[in-house]
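Dumping the structure here so I can ask a few things about it.
Any value given below was found using the heavy atoms of this structure, including those in side chains, with hydrogens, waters and symmetry copies removed. We're numbering straight along the sequence, starting at 1.
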Amino acid sequence: MDYDRKSTVSSFYGGRRGSFDALNHSQPPDYAPSGRPRDDASSFYADRQTRTSHDMLTGGQSAGYNASSFFAAGRLEPLKGGRDEEEEAPEVQTWDVYADFNNAGPRYSTAFGIGQHQDAGYHQLPPPPPPPGAKTDGDADSAQTPVELVTVPALGAEWQLAEMKNMTKSGRREIKSEKRREKWKAWHRGETGLCGKWFTKRFLAFFIFGWAAIIGTIIAITIPRVPGLSFNSSTPLIAATGSYNASIPTEFSRYPANFSFPAYADIQVDTTSNIIPLTFNHISAQVWDSASNLQVGTGYFGQDTLPAKSYPKIQVPLNFSYVASNDSDPTWNEWYNACKNTGLYANGSRPGVNFRLILTMDIAGLPSTQSQSTQVDAAPCPIELSINAA
């Protein structure tokens, strides 16, 4: 049997053996082993025994003990003549799987004639020839020709139905409505405010209460109160003077039966309930006869400001005017008898007149007008006719 057909394990432990078959080879009759017999167990103590010439040739290794099998002794000398084929091999270019897509480096694909010339540069596709019948450059570009897809990005994921709905007007409206609901719930729970961290539910309650208290205080101070009115008990009507007296004629006539004269209503105003001064925009007056319930006079008082917490007096101009059918009219006779000259009466005392005065006040600061009326009995006439008057 040849050497190259035998196992190489035996050569590791005992060196190179001969090409004879130890099992089938018979020893000569004069064969005698040298030294004492050896066994596998005794080879463990090989360093304590006298080495034979065979051990010296094999470097002291045996099948019983090998030091390199118990700890890493480092790399030993290569078995193939002291050289390494991996170090001597030429350097191979690193594999780049993106070379065909990035147009850099060698092209590994040879389909359709690509990559046959190992050129690292990028070669743009040549412009296609214009199709027959193309009139403009735009027509030529729109032809069915190969299109370069170098800069086309990779396709992304497919749109979901929810994403497509969110791009519609109704979807955006639903998103805004959901955000408003979430913000309202968070504000109601006190987690956020109307303006970021401000105006939370608790702060808003205190804020509204404070403003209500301030507004209530301001209204209580500034809002005007309707004053109380009272007449002079002795002379509720006084004679007019100045330009107003000259503007209205004073007369009593029988044919036709009528009368007219100016006068002032002497009124005291109670402003003790007001904190700030009281301003009248105007006051309109109506005088009604108590017996016949007919209107016998009107009046108008212009804008005026009265002090607060006091009892100021005002004089409302009145214009008494009445027209009757004849001099037997009871209303005309009542006012005529009250205004006659006192010399025509034996006791020198004239009868008084009974009337009702209605005042409509327009007060600054109040949304509507306020009306008050008072009944005046036995009021003396503010004028006195001449003794020879009709």
Query raised in the report: Going only through I, L, V, M, F, W and Y residues with side-chain contacts under 4.5 Å, is there a path from Leu294 to Phe261?
Result: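 Yes, same cluster.
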Query raised in the report: Is there a side-chain contact between Trp184 and Arg180 (heavy atoms, below 4.5 Å)?
Result: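 No; the side chains remain at least 4.5 Å from each other.
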Query raised in the report: How far apart are the C-alpha atoms of Asp329 and Tyr322, what are their side-chain angles, what is the distance that settles it, and do they pass the side chain to side chain donor-acceptor pair (under 3.5 Å) test?
Result: CA-CA 11 Å; Asp329 184 83; Tyr322 179 75; 2.9 Å; yes
Query raised in the report: Do the side chain of Thr168 and the main chain of Gly171 share a donor and acceptor less than 3.5 angstrom apart?
Result: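 Looks like yes, one N/O pair under 3.5 Å.
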Query - Minimum heavy-atom distance Gln372-Pro227, with the two atoms named - result: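 Looking at all heavy atoms of both residues, the shortest contact is NE2-O, 2.9 Å.
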Requested in this report: Answer yes or no: does atom CE of Met164 have more than 12 heavy-atom neighbours from other residues, nucleotides or ligands under 6.0 Å?
Outcome: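 No - once you tally the heavy atoms of other residues, nucleotides and ligands closer than 6.0 Å, there are 12 at most.
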Query - Minimum heavy-atom distance between Pro224 and Leu366, given as atom pair plus value - result: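 What the structure gives for the nearest pair is O-CD2, 3.6 Å.
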**Report entry** Identified side-chain contact (heavy atoms from CB on, under 4.5 Å) partner of Pro236 from the options Val376, Asp377, Val353
**Finding:**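 Per the side-chain contact (heavy atoms from CB on, under 4.5 Å) rule, the option paired with Pro236 is Val376, out of Val376, Asp377, Val353.
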Query raised in the report: If you take all heavy atoms of Ala378 and Asn354, which pair is closest and at what distance?
Result: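 Closest pair (atom of Ala378, atom of Asn354, distance): N-OD1, 2.7 Å.
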Report task. Identify the two heavy atoms, one from Phe231 and one from Ala265, that lie closest to each other, and give their separation to 0.1 Å. Result ->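 Minimum heavy-atom contact is CE2-CB, 4.1 Å.
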Query raised in the report: Does Thr360 offer a backbone N or O that forms a donor-acceptor pair with the side chain of Gln370 under 3.5 Å?
Result: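 Not confirmed, Gln370 side chain does not pair with Thr360 backbone.
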Query - From CA spacing to verdict: side-chain contact (heavy atoms from CB on, under 4.5 Å), Asp327, Tyr255 - result: CA-CA 7 Å; Asp327 57 359; Tyr255 304 103; 4.0 Å; yes
Query - Within-4.5 Å side-chain heavy-atom neighbours: Lys179 and Lys183 - result: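 In short, these two side chains do not touch, never coming nearer than 4.5 Å.
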Query raised in the report: Taking the side chain as C-beta and beyond, is there a heavy-atom pair between Leu229 and Val269 under 4.5 Å?
Result: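 Yes - at least one pair of side-chain heavy atoms lies under 4.5 Å apart.
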Query - Flag side-chain contact, heavy atom, 4.5 Å: Val316 against Tyr264 - result: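 A side-chain contact under 4.5 Å is absent here.
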Query raised in the report: Taking it one step at a time, do Leu359 and Ile267 satisfy side-chain contact (heavy atoms from CB on, under 4.5 Å)?
Result: CA-CA 11 Å; Leu359 298 176; Ile267 301 174; 3.4 Å; yes
Query raised in the report: Run the side chain to side chain donor-acceptor pair (under 3.5 Å) check on Ser321 and Asn319 step by step: do they pass?
Result: CA-CA 6 Å; Ser321 177; Asn319 179 13; 5.4 Å; no
Query raised in the report: Is the CZ atom of Arg189 crowded by more than 12 outside heavy atoms at less than 6.0 Å?
Result: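 Yes, enclosed.
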**Report entry** Euclidean distance, Ile276 CD1 relative to Thr305 OG1, rounded to 0.5 Å
**Finding:**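 These two atoms lie 10.5 Å from each other.
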Query raised in the report: From Phe301 CZ over to Ile314 CD1, what is the distance, rounded to the nearest 0.5 angstrom?
Result: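 These two atoms lie 4.5 Å from each other.
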Query raised in the report: Rounded to the nearest 0.5 Å, how far apart are CZ of Phe355 and CG of Leu357?
Result: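 Rounded to the nearest 0.5 Å, the CZ-CG separation comes out at 6.5 Å.
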Query - For Ile218, the rest of its hydrophobic cluster, which grows through side-chain links under 4.5 angstrom - result: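 Answer for Ile218: Ile214.
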Report task. Apply the test side-chain contact (heavy atoms from CB on, under 4.5 Å) to residues Asp304 and Ile283: give CA-CA distance (whole Å), side-chain angles for both, the deciding distance (0.1 Å), then the verdict. Result -> CA-CA 10 Å; Asp304 193 11; Ile283 300 177; over 6 Å; no
Report task. For Asn347 and Ser349, run side chain to side chain donor-acceptor pair (under 3.5 Å): C-alpha distance rounded to whole Å, both residues' side-chain angles, the deciding distance at 0.1 Å, then the answer. Result -> CA-CA 6 Å; Asn347 56 0; Ser349 176; 5.0 Å; no
Query raised in the report: Atom CD1 in Ile248, atom CG in Asn245: separation rounded to 0.5 Å?
Result: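 Going from the CD1 atom of Ile248 to the CG atom of Asn245 covers 8.5 Å.
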**Report entry** Distance, nearest 0.5 Å, that separates CG of Asn388 from CG of Leu344
**Finding:**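 CG of Leu344 is found 9.5 Å from CG of Asn388.
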Requested in this report: Please indicate whether Lys309 has more than 12 foreign heavy atoms, meaning atoms of other residues, nucleotides or ligands, lying under 6.0 Å from its NZ.
Outcome: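 Counting neighbours around NZ of Lys309, more than 12 heavy atoms of other residues, nucleotides or ligands fall under 6.0 Å, so yes.
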Requested in this report: For Gln295 and Gln286, indicate whether the former's side chain and the latter's backbone hold a donor-acceptor pair under 3.5 Å.
Outcome: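 No.
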Report task. Classify the ring geometry between Phe320 and Trp335 as parallel (under 30°), tilted (30 to 60°) or perpendicular (over 60°). Result ->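 Answer is tilted, since the angle falls between 30° and 60°.
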Query raised in the report: Does some side-chain heavy atom of Ile383 sit less than 4.5 Å from a side-chain heavy atom of Phe252?
Result: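 Touching, per the 4.5 Å side-chain cut-off.
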Query raised in the report: Can Glu178 and Arg181 be counted as an ion pair, charged N to O under 4.0 angstrom?
Result: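 Salt bridge present between Glu178 and Arg181.
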Query raised in the report: So which heavy atom on Arg356 is nearest to which on Ser290, and how close?
Result: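 Residues Arg356 and Ser290, closest heavy atoms: N-OG, 3.8 Å.
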Query raised in the report: Donor-acceptor pair, Ser253 side chain versus Asn258 backbone, under 3.5 Å?
Result: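 The answer is no, because no donor-acceptor pair under 3.5 Å joins these two groups.
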Query raised in the report: Any donor-acceptor pair under 3.5 Å linking the side chain of Trp288 with the backbone of Asn293?
Result: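 Checking the backbone N and O of Asn293 against the side chain of Trp288, no donor-acceptor pair under 3.5 Å is found.
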**Report entry** Exam field: side chain Ser177 to backbone Glu174, donor-acceptor pair closer than 3.5 Å
**Finding:**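 It does not hold such a pair.
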Requested in this report: Specify whether Phe207 and Trp211 have parallel, tilted or perpendicular ring planes, treating 30° as the upper limit for parallel and 60° as the lower limit for perpendicular.
Outcome: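 Perpendicular, since the angle between the ring planes exceeds 60°.
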Query - Side-chain donor or acceptor of Thr271 paired with backbone N/O of Pro307 under 3.5 Å - result: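 Pair found, side chain donor or acceptor close to backbone of Pro307.
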**Report entry** Intermediate values then yes/no, side-chain contact (heavy atoms from CB on, under 4.5 Å), Thr369 and Asp362
**Finding:** CA-CA 5 Å; Thr369 59; Asp362 184 5; 4.2 Å; yes
Query raised in the report: Does the Arg350 side chain pair with the main chain of Lys340, one donor and one acceptor, at a distance under 3.5 Å?
Result: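 Yes, Arg350 side chain to Lys340 backbone: donor-acceptor pair under 3.5 Å.
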Query raised in the report: Is the backbone N or O of Leu237 less than 3.5 Å from a side-chain atom of Asp266, with the two atoms forming a donor-acceptor pair by type?
Result: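 It does not hold such a pair.
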**Report entry** Shortest non-hydrogen contact between Asn337 and Tyr345, atoms and distance
**Finding:**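 Minimum heavy-atom contact is O-OH, 2.8 Å.
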Query - Tyr244 side chain vs Ala263 backbone, donor-acceptor pair below 3.5 Å - result: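 Not confirmed, Tyr244 side chain does not pair with Ala263 backbone.
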Query raised in the report: Looking at CG of Asn274 and CD1 of Ile223, how far apart are the two atoms once the value is rounded to the nearest 0.5 Å?
Result: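 Separation between the atoms: 10.0 Å.
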